[in-house]
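Worth knowing before you read on, the calculation uses all heavy atoms, side chains too, and leaves out hydrogens, waters and symmetry mates. Convention: sequence-line order gives letters A, B, ...; per-chain numbering from 1.
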Amino acid sequence: DAGITQSPRHKVTETGTPVTLRCHQTENHRYMYWYRQDPGHGLRLIHYSYGVKDTDKGEVSDGYSVSRSKTEDFLLTLESATSSQTSVYFCAISDPDRGRSNEQFFGPGTRLTVL
Amino acid sequence: DAKTTQPPSMDCAEGRAANLPCNHSTISGNEYVYWYRQIHSQGPQYIIHGLKNNETNEMASLIITEDRKSSTLILPHATLRDTAVYYCIVREMNRDDKIIFGKGTRLHILP
């Protein structure tokens, strides 16, 4: 494993409540990403970060915000969770200055259920 | 939208070579072809990548056509553990934004 952890791994919450998912890396990679995965849609990028305090939107960013106050942590926040945000969330890291392949390394995922 | 087209599913007999196709007819000159796979309930895992030459590593081989509009991932001796969804992605090597995963190919290895 590439030293990526996600917490919590499973969460059940109610509509309208705030939720924060955490991604933590020990690899000192510059880029970090949040994806969601739903049946029939594959992996879709929510937000990504290219450095501390530098973030940008992905293809499905509505309803989500992110923060990166230090290299190793990337937080995904659902300000007011909705049932449509029930999904499996994956964090990933990469760094174009490392190695030849510049591949993404993925975390184990967080399964979020919004009732 | 994904820049690649893959069949939604394929079957392969255990021990045989699995050949997974990918079309990327709009690929630009500085874009690489990357392959990932996702075993059930796990995060995706990098397999291989290439620009225009064929590539081989311990997991697989990647064959890219001369016009670079399509490629094939080859798993030379498929095992049951290779059952997964395989994603073909095109991206620039040093552009880490806007990486788009399509729906991939679900590969079933049959005993």
Side chain from CB out, backbone as N, CA, C, O: work out which of these in B:Y87 comes under 4.5 Å of a heavy atom of chain A, or both, or neither.
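B:Y87 touches chain A through side-chain heavy atoms alone.
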Return yes when atom [atom1] of [X] has more than 12 non-hydrogen atoms of other residues, nucleotides or ligands closer than 6.0 Å, and no otherwise.
X: A:R30; atom1: CZ; result: yes
X: A:R44; atom1: CZ; result: yes
X: A:E14; atom1: CD; result: no

Could you measure the distance from the [atom1] atom of [X] to the [atom2] atom of [Y]? Nearest 0.5 Å is fine.
X: B:Q42; Y: A:F90; atom1: CD; atom2: CZ; value: 9.0 Å
X: B:H49; Y: A:E103; atom1: NE2; atom2: CD; value: 8.0 Å
X: B:Q45; Y: A:Q104; atom1: CD; atom2: CD; value: 13.5 Å

Under a 4.5 Å side-chain heavy-atom rule over Ile, Leu, Val, Met, Phe, Trp and Tyr, are A:V66 and A:L75 clustered together?
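Different hydrophobic clusters.
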ILVMFWY cluster, B:Y36 and B:I63 together (side-chain gap under 4.5 Å)
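Different clusters.
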Atom group of A:Q37 that falls short of 4.5 Å from chain B, counting heavy atoms
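Looking at A:Q37, just its side chain touches chain B.
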Derivation of the ring-ring contact (aromatic ring centres under 6.0 Å, His included) call for A:Y35 and B:F101:
CA-CA 10 Å; A:Y35 292 88; B:F101 285 75; 5.6 Å; yes
